[in-house]
Amino acid sequence: MKLTLLDYSIIIVFFIVSLLIGIRASKTAGKNSSEFFLSGRNMPWWLLGVSMVATTFAADTPGLVTELVRNNGVSGNWVWWAMLLTGMLTVFFYAKLWRKSGITTDLEFYELRYSGKTAGFLRGFRAIYLGVIFNIITMAGVCLAGAKIAAILLDISQVEMLVYSSIIVVIYSSLGGLKGVLLTDFVQFIIAMIGSIWATIYIVNLPEIGGIGELLSQPNVSNKLNILPDFSDTESLITLFIIPFAVQWWSTWYPGAEPGGGGYIAQRMLAAKDEKNATWATLFFNFAHYALRPWPWIVVGLASLVLFPDLQSINETFPNITKEMQGEDVAYAAMMTYLPAGLLGIVLTSLIAAFMSTISTQLNWGSSYVVNDFYARFVNTNASEKQKVVVGRITTALLMLCAALFSFYLQSAKDVFDLLLQIGAGTGLLFILRWFWHRINPYSEIAAMIISFSIAIFFFINGKLDDPFISIPGYMQLVLGVSITTIGWVLVTLLTKPTQEETLKNFNTLIFGSENKFKNIGSKVVAFFTGTIGIYCFLFATGNWIYGETVKAVILSVVSIVCMIVIQQLWKRKLLE
């Protein structure tokens with residue numbers, strides 16, 4: 001398809017604004033590493049919260065949701081909706097703890113919580129493991145999604161797309177640091193929401209679809225509408241509901257949904273003005289991520305079943321898509337080809353914004369690990385602040401290059417999602433307990449990483465073989481990974497000595513002060529369940545409004561409001577401190 005001058009103008013204006021923000025932010029970002037990676041620790045909750053949401057709205061996210069809807073219906077989204085429990089755990093139990101720590105990156109936690117050379121080794125190893133290896137896999141998935149969108153909407157190759165986008169995102173990310181990322185995230189989130197909602201309304205009212213009522217009654221769609229999985233279908237119930245709720249949410253480490261907080265979520269909590277702003281930022285993020293944003297993508301996914309009922313119809317319509325890039329996740333970009341001039345430019349800009357937002361955050365976060373937790377800690381302990389910034393900018397460019405190259409070895413958004421889940425399988429409980437269980441030590445974490453990564457790589461390679469060594473369902477792979485890894489690190493914990501008593505005492509004094517570790521635990525548990533129920537009710541209410549189920553929608557909306565009032569009252573009475 002061909003873009004008009006109006007479409008190109010919208011995209012060019014967005015690029016110019018992003019670059020100007022990066023240049024503007026560079027005046028303060030280049031002062032020192034704290035400014036570059038944490039924006040001087042004075043960011044308000046609303047800016048941090050929006051940035052968290054914008055980052056998780058990657059270019060691959062609409063494609064992933066579309067793929068889930070096309071394969072399993074609306075209920076297919078429970079594989080990631082269940083992670084709300086992880087997020088709410090962070091909000092009420094860990095957000096304040098991270099901000100109290102006063103560290104620059106969450107990896108500094110290791111030498112705060114543990115003692116000896118193994119603590120330093122763990123910090124350096126995690127810097128490379130997460131900041132480089134894990135980060136490259138995450139960004140590669142986003143790059144692949146961006147390439148698929150570009151192939152359909154811009155008719156350009158994966159190489160061309162990655163060259164153009166990489167240059168721009170590296171420039172403003174390396175110039176503006178985290179402040180530049182936060183400010184561009186704010187702009188990008190607004191564009192992304194306007195684009196996705198407007199596009200959804202237009203697509204639903206296409207003559208081929210005929211409005212929301214006609215869409216919901218289509219034979220290809222009507223059996224895909226259930227928000228809860230079919231409880232009579234044992235396999236779907238296990239895969240989409242039981243495993244995510246019984247195992248996945250507390251046991252797996254996944255970017256944006258780390259048990260106990262971590263990664264770029266922790267980076268933003270550490271950049272907050274104070275503990276209150278850190279907590280509210282994380283609460284807003286979970287509300288917007290799980291309740292506010294999914295339905296436009298879900299509706300487009302349902303609509304795609306009308307215009308492109310199967311994968312073959314997509315491949316026939318877009319013959320230029322290479323075999324390696326074909327997949328159900330392409331359907332979202334395919335639906336965007338029906339948009340008129342102007343609106344197409346806005347939506348394409350929103351998808352570009354989603355791509356740039358996620359990549360810029362991952363680059364800044366990953367380079368913060370490399371600089372703060374590897375280079376300045378082990379390579380050049382006397383590095384000046386200017387040197388750290390320079391190394392951060394060089395690392396940014398190298399990470400982008402590696403991610404772009406690795407994207408050629410992936411095939412779909414679901415593949416990346418499953419791989420990342422498997423790599424983090426079994427490590428989640430450790431991250432939840434390490435703040436409170438004194439027996440956990442560096443060897444616990446090293447064992448968890450090695451075991452989970454080895455199992456994930458085995459299953460990934462095994463799945464690519466024409467004649468695999470073992471053939472078991474994906475959910476059983478996750479259960480095996482969680483079980484083996486959890487048993488492994490718990491045994492290592494019990495067989496090795498806890499960290500030094502003095503280190504533990506200093507850690508507890510810094511984080512908890514003279515207060516009881518479990519102060520107001522009852523109120524926090526109430527807030528955890530109330531917040532979870534409230535956000536799920538808002539999510540379900542939105543769906544029922546769309547479905548025309550007014551009574552259900554009203555009841556769910558009222559429950560959601562009541563839950564939010566309960567949390568507000570607990571906060572007002574200082575029972576969540």
Side-chain angles (χ1 to χ4, degrees), residues 53 56-57 61-85 87-88 192-205 209-233 236-237 239-241 244-245 249 257 284-306 328 331-332 335 530-564:
V53 184
T56 51
F57 181 0
T61 313
L64 172 63
V65 172
T66 300
E67 183 177 357
L68 293 172
V69 169
R70 288 175 64 86
N71 288 334
N72 300 298
V74 176
S75 63
N77 287 281
W78 280 107
V79 296
W80 68 277
W81 281 347
M83 292 180 181
L84 170 63
L85 278 74
M88 299 310 286
M193 289 304 298
I194 292 173
S196 62
I197 293 172
W198 192 354
T200 301
I201 294 171
Y202 185 89
I203 286 171
V204 166
N205 289 289
I209 295 177
I212 191 68
E214 287 295 318
L215 171 64
L216 299 178
S217 63
Q218 287 283 344
N220 287 353
V221 175
S222 59
N223 64 340
K224 302 276 188 179
L225 300 178
N226 289 335
I227 296 175
L228 294 175
D230 183 358
F231 285 76
S232 64
D233 184 344
S236 294
L237 181 63
T239 305
L240 303 177
F241 205 72
F245 273 100
W249 74 270
F284 174 79
F285 157 64
N286 281 279
F287 169 75
H289 179 55
Y290 293 100
L292 191 63
R293 198 175 53 187
W295 280 102
W297 303 331
I298 292 171
V299 173
V300 171
L302 293 171
S304 73
L305 290 165
V306 178
E328 299 286 359
Y332 187 86
M335 293 298 293
T530 304
T532 301
I533 292 169
I535 290 175
Y536 277 141
C537 283
F538 192 98
L539 172 68
F540 301 156
T542 305
N544 279 283
W545 285 117
I546 293 171
Y547 292 171
E549 300 284 347
T550 307
V551 175
K552 289 182 182 178
V554 170
I555 293 172
L556 289 166
S557 297
V558 170
V559 174
S560 180
I561 293 170
V562 170
C563 288
M564 297 308 162

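Heavy atoms only: backbone and side chains are in, while hydrogens, waters and symmetry mates are out. If you're wondering where the values come from, they're calculated on a predicted model, not measured in any experiment. Count residues from 1 along the sequence.
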Original post:
Is there a donor-acceptor pair under 3.5 Å between the side chain of N220 and the backbone N or O of L305?
Top reply: yes

**OP:** Go through the steps to decide whether L556 and T542 satisfy the test side chain to side chain contact (heavy atoms under 4.5 Å, CB included), and finish with yes or no.
**Re:** CA-CA 9 Å; L556 289 166; T542 305; over 6 Å; no

**OP:** Would you please indicate yes or no on a ring centroid separation below 6.0 angstrom for H289 and W80?
**Re:** yes

Original post:
side chain to side chain contact (heavy atoms under 4.5 Å, CB included) with P294: which of L539, N77, V299?
Top reply: L539

Subject >> Nearest non-hydrogen partners of W297 and T66, listed with the distance >> reply: O-OG1, 4.2 Å

Original post:
Do the side chains of V65 and Y332 get nearer than 4.5 Å, heavy atoms only?
Top reply: no

**OP:** Can you measure from CG (N72) to CD (E67) and round to the nearest 0.5 angstrom?
**Re:** 9.5 Å

**OP:** Measure from the side-chain N and O atoms of R70 to the backbone N and O of S304, and report whether any donor-acceptor pair falls under 3.5 Å.
**Re:** yes

Original post:
Quick one: does S560's side chain have a donor or acceptor within less than 3.5 Å of a partner on G534's backbone?
Top reply: yes

Original post:
What distance do L84 atom CG and F287 atom CZ have between them, rounded to the nearest 0.5 Å?
Top reply: 11.5 Å

Original post:
Are any of the side-chain heavy atoms of E328 and L64 separated by less than 4.5 Å?
Top reply: no

Original post:
How long is the span from the CD1 atom in I212 to the CD1 atom in I546, to the nearest 0.5 Å?
Top reply: 6.5 Å

Subject >> side chain to side chain contact (heavy atoms under 4.5 Å, CB included) assessment of C537 paired with V559 >> reply: CA-CA 7 Å; C537 283; V559 174; 3.6 Å; yes

**OP:** Check whether any side-chain heavy atom of V204 lies under 4.5 Å from a side-chain heavy atom of V300, and answer yes or no.
**Re:** no

**OP:** Mark yes or no for whether T200, through its side chain, and S196, through its backbone, hold a donor-acceptor pair below 3.5 Å.
**Re:** yes

Original post:
So which heavy atom on N286 is nearest to which on G87, and how close?
Top reply: OD1-CA, 3.1 Å

**OP:** Compare all side-chain heavy atoms of E214 with those of I209 and state whether any distance is below 4.5 angstrom.
**Re:** no

Original post:
Is there a donor-acceptor pair closer than 3.5 Å between any side-chain N or O of Y536 and the backbone N or O of A291?
Top reply: no

Subject >> Side-chain donor or acceptor of W249 paired with backbone N/O of F245 under 3.5 Å >> reply: yes

Original post:
How far apart are the closest heavy atoms of Y547 and L225, and which atoms are they?
Top reply: OH-O, 2.7 Å

Original post:
Taking all atoms of both residues into account, what is the closest heavy-atom pair of P296 and I197, and its distance?
Top reply: CG-CG1, 3.9 Å

Subject >> Nearest heavy-atom neighbours spanning V221 and L216 >> reply: CG1-CA, 4.3 Å

**OP:** Report yes if some heavy atom in the side chain of W295 is under 4.5 Å from a heavy atom in the side chain of V74; otherwise report no.
**Re:** yes

**OP:** Applying side-chain contact (heavy atoms from CB on, under 4.5 Å), name anything that partners T550, two or more places apart in sequence or on another chain.
**Re:** W545, V554

Subject >> Gap between atom CD1 of I555 and atom CG of N544 - 0.5 Å precision >> reply: 9.5 Å

**OP:** Can you measure from CD1 (I533) to CE (M88) and round to the nearest 0.5 angstrom?
**Re:** 10.5 Å

Original post:
Would you say F538 and C563 make side-chain contact, with heavy atoms under 4.5 Å?
Top reply: no

Subject >> Residue pair G301 / V69: nearest heavy atoms and the distance that separates them >> reply: C-CG1, 3.9 Å

**OP:** Report the distance from atom CD1 of I535 to atom CG of L85, rounding to the nearest 0.5 Å.
**Re:** 10.0 Å

Original post:
Do the side chain of Y290 and the main chain of M83 share a donor and acceptor less than 3.5 angstrom apart?
Top reply: yes

